[in-house]
Amino acid sequence: QVQLVESGGGSVQAGGSLRLSCAASGYTYGTGCMGWFRQSPGKEREGVAAITTGGGTTYYADSVKGRFTISQDNAKNTLYLQMNSLKPEDTAMYYCAAGVGLGYQWGLLLHPSSYNAWGQGTQVTVSS
């Protein structure tokens, strides 16, 4: 089992920045990828950013390219999402996810089917 706990959410003005953290614990061996997803009321969960844990290759949704950066600290078993130039449309619950013992395709790293462990979420609210 892998447990994921997010932190760092909050309320900011448009144009501001936040850094989200995801602490992983439990049996993390076999984790092939990790990612960040977000969901707002009445909408489907969407992939924001992903990283392959072994190679460190990153992937981003078009809507956040150039503004968000995903990174990992393997020594601390921690995943990060640096969010800059935040917009009101970034408002959502943000979830950390890990794919443990699963294969994945490059084109599905931003799809929830690549992940089987999820955090509880942290709220991000951006006001104008």
Side-chain angles (χ1 to χ4, degrees):
Q1 295 182 329
V2 174
Q3 294 80 47
L4 305 174
V5 180
E6 303 97 332
S7 61
S11 298
V12 297
Q13 294 290 121
S17 299
L18 284 173
R19 189 178 76 159
L20 306 183
S21 299
C22 173
S25 61
Y27 296 103
T28 59
Y29 181 83
T31 300
C33 58
M34 297 191 72
W36 290 96
F37 291 75
R38 66 187 182 187
Q39 188 169 25
S40 57
K43 296 187 177 183
E44 296 182 0
R45 186 170 299 187
E46 64 173 340
V48 176
I51 187 168
T52 59
T53 56
T57 304
T58 58
Y59 301 85
Y60 298 95
D62 289 341
S63 60
V64 306
K65 286 182 179 178
R67 299 188 298 120
F68 291 10
T69 302
I70 188 171
S71 62
Q72 61 187 355
D73 186 334
N74 291 330
K76 297 181 179 180
N77 282 329
T78 302
L79 182 74
Y80 302 98
L81 184 67
Q82 179 66 47
M83 304 185 294
N84 298 325
S85 301
L86 283 162
K87 304 175 180 179
E89 51 262 45
D90 295 319
T91 296
M93 185 73 74
Y94 282 71
Y95 298 91
C96 175
V100 184
L102 301 176
Y104 60 83
Q105 300 179 28
W106 301 114
L108 295 177
L109 283 172
L110 295 180
H111 193 277
S113 65
S114 295
Y115 304 89
N116 56 356
W118 297 84
Q120 82 289 345
T122 185
Q123 179 68 39
V124 172
T125 301
V126 184
S127 61
S128 59

As an exercise, state the distance from OG1 of T122 to CZ of R38, rounded to the nearest 0.5 Å.
14.0 Å
Determine whether Y80 and L86 fall in the same hydrophobic cluster, where Ile, Leu, Val, Met, Phe, Trp and Tyr are linked whenever their side-chain heavy atoms lie under 4.5 Å apart.
no
Are M93 and V124 linked, directly or through other ILVMFWY residues, by side chains that come within less than 4.5 angstrom of each other?
no
Q72 side, atom CD; T58 side, atom OG1 - distance, nearest 0.5 Å
10.0 Å
What I'd like to find out is whether the side chain of L4 reaches to under 4.5 Å of the side chain of Y95, using heavy atoms alone.
no
Determine the minimum heavy-atom distance between S17 and Q82, stating which atoms define it.
CB-NE2, 4.0 Å
Closest non-hydrogen atom pair between S25 and T28, with its separation
O-CG2, 4.0 Å
Nearest 0.5 Å please: distance from the OG1 atom of T125 over to the CD atom of Q13.
11.5 Å
Are I70 and Y59 connected, step by step, through hydrophobic side chains (Ile, Leu, Val, Met, Phe, Trp, Tyr) whose heavy atoms are closer than 4.5 Å?
no
Minimum heavy-atom separation for G47 and A61, please, with both atom names.
O-CB, 3.5 Å
Please examine the side chains of R67 and M83, heavy atoms only from C-beta on, and report whether any two atoms are closer than 4.5 Å.
no
Is there a side-chain contact between Q123 and T91 in this structure, where contact means two heavy atoms from C-beta onward sitting under 4.5 Å apart?
yes
Nearest atoms (heavy-atom pairs only) where L102 meets G99
CD1-CA, 4.5 Å
Within-4.5 Å side-chain heavy-atom neighbours: W36 and C96:
yes
Can you check whether G121's main-chain N or O pairs, donor with acceptor, with E6's side chain at less than 3.5 Å?
yes
Just by modelled atom types, is the T57 backbone N or O under 3.5 Å from a matching donor or acceptor in the T52 side chain?
yes
Hey, could you give me the CD/CD distance between Q3 and Q120, rounded to the nearest 0.5 Å?
12.0 Å
Please say yes or no: joined through hydrophobic side-chain contacts below 4.5 Å, possibly via intermediate residues, are V64 and V12 part of one cluster?
yes
Report whether V2 and W118 are members of the same hydrophobic cluster (ILVMFWY, side-chain heavy atoms less than 4.5 Å apart, transitive linking).
no
In a check of side chain to side chain contact (heavy atoms under 4.5 Å, CB included) between Y60 and each of L109, I51, T69, which one passes?
T69
Quick one: pull up CG in L110 and CZ in F37 and give me the separation to the nearest 0.5 Å.
6.5 Å
CG/N74 to OG1/T53 distance, rounded to the nearest 0.5 angstrom?
7.0 Å
Heavy atoms only: give me the nearest A14-S128 pair and the separation to one decimal.
CB-CA, 4.4 Å
Backbone N or O of V100 within a donor-acceptor pair of the N116 side chain at under 3.5 Å?
yes
For Q105, I'd like to know if atom CD has over 12 heavy atoms of other residues, nucleotides or ligands within 6.0 Å.
no
Salt-bridge test for K87 and D90: reply yes if a basic N is under 4.0 Å from a carboxylate O, no otherwise.
no
